[in-house]
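Take a look at the structure below.
Protein chains get the first letters and strands the later ones, always in sequence-line order, with residue 1 at the start of each.
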Amino acid sequence: MLKVAYYPGCSGQGTSLEYDTSTRAVCKALDVELVDIPDWSCCGSSPAHTVNHVLSAALSARNLAQVETMGMTKAATPCPSCLTNLRTAAHKMDDPEFKDKVNALLDVPCRNAVDTQSVLQVLAENVDPELIKGKVVKPLTGIKIACYYGCIMNRPPEVMRFDHHENPMAMDNLMALLGAEVVPFPLKVECCGASYGIPRGDIVHRLSGKLLDAGRDVGADAIVTACPLCQMNLDLRQGQINDALRENFRIPVFYYTQLLGYALGIDRAELGFEKLCVDPRLALGRIKQPQQAM
Amino acid sequence: MSQLDDLKTAIKSRLGELECVIGWEQGYDPLHATPLFIRSEADLDRLIIGPLAVHNLATYLTGWKGKKVGVVVKGCDSRSVIELMNEKLVSRDDVVIFGLCCDGVVSQRKIRAALPADPGFVESVEIGADSLKVTVAGQAATLRLADVQADKCLVCDTPDAIVSDFLIGKAHTPAPAPSLKCQDEFEAKSDAEKFAFWQETMGRCIRCYACRNACPMCVCRDYCIATSRDPLWVSQENLPSENMMFQMIHVSHLAGRCTECGECERACPVDIPLMLLRRYMNKQVRDVFKHEAGKALDQTPPLLTFKVEEERINERGW
Amino acid sequence: MPAQDVRELRIVGFLCNWCSYGGADTAGVGRFTQPTDLRIIRVPCSGRIDPLFIVRALMNGADGVLVSGCHPRDCHYAEGNFYARRRLEMLKRFLPITGIDERRFEYTWVSASEGQRWQHVVTEFTRRIHELGPAPSFNPKSDVDWNALAVKASQGQGCPCHGSIQA
Amino acid sequence: MRIGVFICHCGSNIAGTVDCPSVAATALTYPDVVFSTDTMYACSEPGQDAIIQAVKDKNLDGVVVASCTPRMHEQTFRRAVERAGLNRYMFEMANIREHVSWIGKTKDLNTGKAAELVRMAVEKLRRNRPLVAKRFETVKRVLVIGGGVAGIQAALDCADGGQEVVLVEREQSIGGKMAKLDKTFPTVDCSSCVLGPKMVDIAQHPNITLYTCSEVESVGGYVGNFQVTVRRKSTYVDWTKCTGCGLCVEKCPSRKHPDPFNENLCNAPSINIPFPQAIPKKAAINASSCLMLTKGKCGLCAKVCPVKCIDFEQKDELVNVDVGAIVVATGYDLFDWHKYPQYGEGRYKDVITSMQYERLLSASGPTGGHIKRPSDGKEPKNVVFIQCVGSRDKSVDRPYCSGFCCMYTAKQAILTKDHIPDSQSYVFYMDIRSPGKMYDEFTRRAMEEYGAQYVRGRVAMIYPKGDKLVVRGADTLAGTQVEVPADLVVLAVGAESAKGAVQLGEKLRVAPDQYGFFVESHPKLKPVETNTAGVFLAGACQGPKDIPASVGQGSAAASKVLGLLSKAMLESDPAVSRVNPARCVGCGKCIQTCPFGAIKEIQDRFGNPKAEVIDTVCQGCGICTVTCPQGAIQLEHFTDNQILAEVNALCPPKMFANFE
């Protein structure tokens, strides 16, 4: 049974609670043991790394050091933003000089011996597709899905080292495996506007609007994401976007773990569909019932 | 059957098709071996092997160019044969290789040193498992083989013939010493000390060319540039500088080709430790080109080829 | 460094005709002043430079030997300097065991356009050699000024034994 | 030996910091020097006459001139001593200007140095021997490799110059890339109309033998005397009979494999004539798709052929030709744009290459000259051109500029407007590179008269939206991001070296650069020569070129060939390596290291292997001389003894050390 240190990330405790719970649930179901990193702290995201790279890296390094003290070398996080920070920190620490600067700020020095991956990568690379297939109880037959990866999970390639940086397929393959009809989504790695939601809503409206528009164009019943921020911009702000762009999108935006959990027949409570702003029932309704699917 | 008997049977089986088979026999006294050129089965009776069979018989191969001969080789000697083949100086088809699994050979120099006085003529020698009983003028002296073993054997990682038509004896798992004390000590000396050392030894050199003639890789023979007028590299004067010049020619012509068989040093009548130069050059070749002469067939000597980007040669800042 | 203020030392240079010899010319045309110790021997290609030429010079008492050829990939004969690089590197690495200071021998690459670079190389190398001082000789000392005699001899006067060296 | 020494003042250039008279005096004490003087200008006419006079008066058999660098005047003085009746190699030069007077400040040090350089020259000269150039005949025939416009031009010029020409082309027809083009810049005249007649000339010229579907198998020999083997690949059609009527092409039922001439935009019949103006106009069978050759049934072509020239049994044929010179004109290939993920890696049908677009524009193309986009055959309104696809981009190891893309993109923008008046072209570019007659004016016209929108910036991504492709890029002038909805995207793919160029280079001993383009002898002064005597370059095989440049080089190469073959006999430089068979042990090390294949193994009369130098191929580098342990192979004029003499002159051997 595969064992990885688990870094939930702050949004996993708040805005994307359902991402965290569903992630834990599907990993459990797929025999991937997630061991919480004791006393994990902020990854040094936007606020820190826009001001001070060493400090930001130190925040990440602290968590990596924690993993090392757990005696583990592999960590996973659902959040691409956390992933970027953790990996970037490790990448920069390959330079011994930088590493020393960072460790100067830490009580427990970081050996930089941990490889952090997205949960998606762990599932895509370490879990046998046949195993997943075997565990599917409710195939997603009938629903059309556009997979949206977000701009940072695969980029920059030399740091992230996962999938294709312009045209990733990991989620597409996973969803196809679950029986969903995956539509070719051209804007897989486009920016959703990210944290500009607060200072410059209009930017998010334009960028996320374009994503929803593209989703509609390719006839997607739903968009599937792997990023809390993307999900929030597309889902929570869909109403704002409609107002701003005189549109009337009604595209539910799932976390891939939610649909995966659905297919694996995991208890709804852990998947937290009710937390979605855009009502997913219509989309989920398109999924043919198993007996019909058979 | 003993290793020697096996060898004899092997040689018998091929002697017919061969001009001759080169091996060893007892020399002027029981302590000294000398090359044996086996042409008939009768000659086989004189064949010997073992710690006294020191000569690298590969040296004679180029002399038989074009004729099909057999040669008995120890692991180290086989490297010379391989190198000769790699340089197309000897053709594989013309040589039948009787490879030995060698337990090491003696250094006559060390034996002489170990004996109370220069033995002169030795009456008898008994070779034990790990000892050597030498009787001179009725006086027997027993020496531990380990004490009188040739330096090359101490660092030997190829005791068994690498290439052979017959491999005779039981294979070894070599456990060579990482390096030789004498070598390390000398390399540690200061430039001035080393310079003084060579000044003295080269003053001793009588330029008899024994080192060259014993060398299996010195295939120029009569056309060695150290003894020609056109080109004229070295003057006839017996000066340290000229003697050193000759040694430098030998070294540079062996760069990337020397198989460290030690024949040059063995042959030197005035005990010049030429292997200091050989081993050092070979080390450089290993470091820069990852090349060891005669360790494998179909290698190209590193100075006969090049890489556009040399990994291990850094342009010095100028 | 002005070598002029001290006694000249004997520095031999081997330069390939196409790049480095041209580079030295360029330096001259540009009037890039250099120490005068260096004497240049012109060869077609660095691939023609037998390491033994360098050894011969050192054995004859040269205080320094400088070799220069085309930059790798720029060889007029396509491959000459690639072979030269290996041969010269081996020599430079070998010298220490002989007790000859390897700093007395240097090889580098200078193109026909790099007059300034050539000036730099010559100046630096000459300074280095002057720091090292005159090279010791392999041959025993003597109170006679054999050198003067040797010079005369090499000029074909007296001392028959030296005729041979000139062949 | 009687040597004369001449110390040149070069006005005050040398005399300013060197005491020339005293150098001359010292020189007189050197062995074999019987005459020594200083002179104002050795290279001047009176200076040279003085040398000649001295040679006669003092009957000298060797001359040393101490003056400027030999790179400047060695030839001058060699001719002078020759006029004096000496062999040109009985001369040495001491460089006391560039290497002494111009770089040293102190006069006495300079004077001493000059004297020593002279001694060096004298000692060298004492070991020189007269060298005489070998003369040999040349085969009056030329091999031209590659039937593109450069090769065609070279072949025609050589043929008109009276030489026999063998033209070898890999494809079924000559014409190369130019034959695929619709129009050419900056005149916008029909490409095949200008090229066609030249192709016909090739076919009809009495001096030209044309081998298409053929490749060079091996090349031996040397300048003036190459032995070449050409592999004529089987076409399964007897071309001596085929009339090119095209009946077989019409009837062929197997039309499955993509048509390379049309850049795979459509399929071609398995027996085909690539295009109407093909030379030779003969049919050939594609073995990989022909039903008869793959499945053993069909043979329809054989049935319908009126002259019965189909031969399914036909095999490759090897042809040997002896030639005196070789022109390499193997052209270029197009960069594989799939290396760029941002252009969709082939996921979008309506992203095509510029060459595919040429075929769409061409009347003989798959769409009969009507621009229809591949996906749905619709006529595009918005056409976006992206320049520098595989040019000037380190990230794909193509840092060089392909040179012609800016121009053909402008041309294609203009043609787009001509074909579809209500269309709009957009061009994403980095810089406009349009040097050349009427070139910049041409790109201006594309913008000003034809309203092509030029956007300065790279394209970040292409994505589909409805039935359009959205092209997103930066507009670096406006400093904004732009998105252009396009019906068709045309990638201006750059040029890279032709496939197989490197392998051909090995056969010809012509080195390719790191990108596979052949390296010329000298980037400025010998642009069509190579370091292998007798082999010349024409066109894009040496580096990306447009049509005029390629044609120009074709003619240039031809003129070099004609110049070479116009001589009844060729002379080879005598300063080459020479083997002393007595010393040679036949180990072949020299053969192994010679970069020019100038050394071959021979057998002496006792059957021993020996090395032998081919004078005419040897370039005189001397690598072999250093390689040979016995010193058996010596580079004339730079023998071991000659160089050793110089060393000994500079460092007189000391019998005894002295440290004073």
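In this structure, chain D has a heavy atom under 4.5 Å from the backbone of C:Ile49, while its side chain stays farther away. Contacts between D:Leu635 and chain C at a heavy-atom distance below 4.5 Å involve the side chain alone, from C-beta outward. Contacts between C:Arg31 and chain D at a heavy-atom distance below 4.5 Å involve backbone atoms as well as side-chain atoms. For D:Glu116, the part lying near chain C is the side chain, with the backbone staying farther off; criterion is any non-hydrogen pair under 4.5 Å. Contacts between D:Asn13 and chain C at a heavy-atom distance below 4.5 Å involve the side chain alone, from C-beta outward.
When all heavy atoms are compared, the tightest approach of D:Cys651 to C:Ala62 is SG-CB, 3.8 Å. Shown here for D:Val626 and C:Pro51, the closest heavy-atom pair between the two residues is CG1-CD, 4.1 Å. The two atoms that bring D:Arg71 and C:Asn17 nearest to each other are NH1-O, 2.7 Å, heavy atoms only. When all heavy atoms of D:Val647 and C:Phe14 are compared, the closest pair comes out as CG2-CZ, 3.8 Å. In terms of heavy atoms, C:Pro44 sits closest to D:Gly620 at CB-O, 3.6 Å. In this structure, D:Ile623 and C:Arg87 approach most closely via the heavy-atom pair O-NH2, 3.4 Å.
Note that CG of D:Leu109 and CZ of C:Arg7 are 12.0 Å apart. Values are rounded to the nearest 0.5 Å. One finds the CE atom of D:Met120 at 10.0 Å from the CZ atom of C:Arg39 (value rounded to the nearest 0.5 Å). Of the inter-residue distances, the one linking D:Lys124 atom NZ with C:Arg42 atom CZ reads 9.0 Å to the nearest 0.5 angstrom. Going from atom CD of C:Glu79 over to atom SG of D:Cys594 covers 8.5 Å, rounded to the nearest 0.5 Å. Residue C:Asp37 holds its CG atom at 8.0 Å from NZ of D:Lys113, rounded to the nearest 0.5 Å. Interatomic distance, OG1 of D:Thr627 versus CG of C:Asp50, reported as 9.0 Å (0.5 Å rounding).
Classification of C:Asp25 and D:Arg97 as a salt-bridged pair fails, no side-chain N sitting under 4.0 Å from a carboxylate O.
Using a 4.5 Å heavy-atom cutoff, the side chains of D:Leu644 and C:Phe53 are in contact. Proximity of C:Tyr83 to D:Thr593: side-chain heavy atoms (C-beta onward) are separated by under 4.5 Å at one or more points.
Residues of residues 100-111 of chain C lying under 4.5 angstrom from chain D, judged on non-hydrogen atoms, do not exist here.
Listed by chain and number, the residues in a salt bridge (Lys or Arg N to Asp or Glu O under 4.0 Å) with D:Arg578 are D:Glu636 (sequence neighbours excluded).
Interface check for chain D: of the options C:Gly22, C:Gly80, C:Gly133, C:Ala78, the most heavy-atom pairs under 4.5 Å are formed by C:Gly22. Interface check for chain C: of the options D:Ile643, D:Asn95, D:Leu117, the most heavy-atom pairs under 4.5 Å are formed by D:Ile643. If you tally non-hydrogen atom pairs under 4.5 Å between each of C:Val122, C:Val12, C:Val29 and chain D, the highest count goes to C:Val29.
Under the 30°/60° scheme for interplanar angles, the aromatic rings of D:His99 and C:Tyr21 are found to be tilted.
Annotation for D:Lys107: atom NZ counts as buried by contact number, over 12 foreign heavy atoms lying within 6.0 Å.
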Item checked: Working for side-chain contact (heavy atoms from CB on, under 4.5 Å), residues D:Thr106 and C:Thr36 -> CA-CA 9 Å; D:Thr106 331; C:Thr36 51; 5.8 Å; no
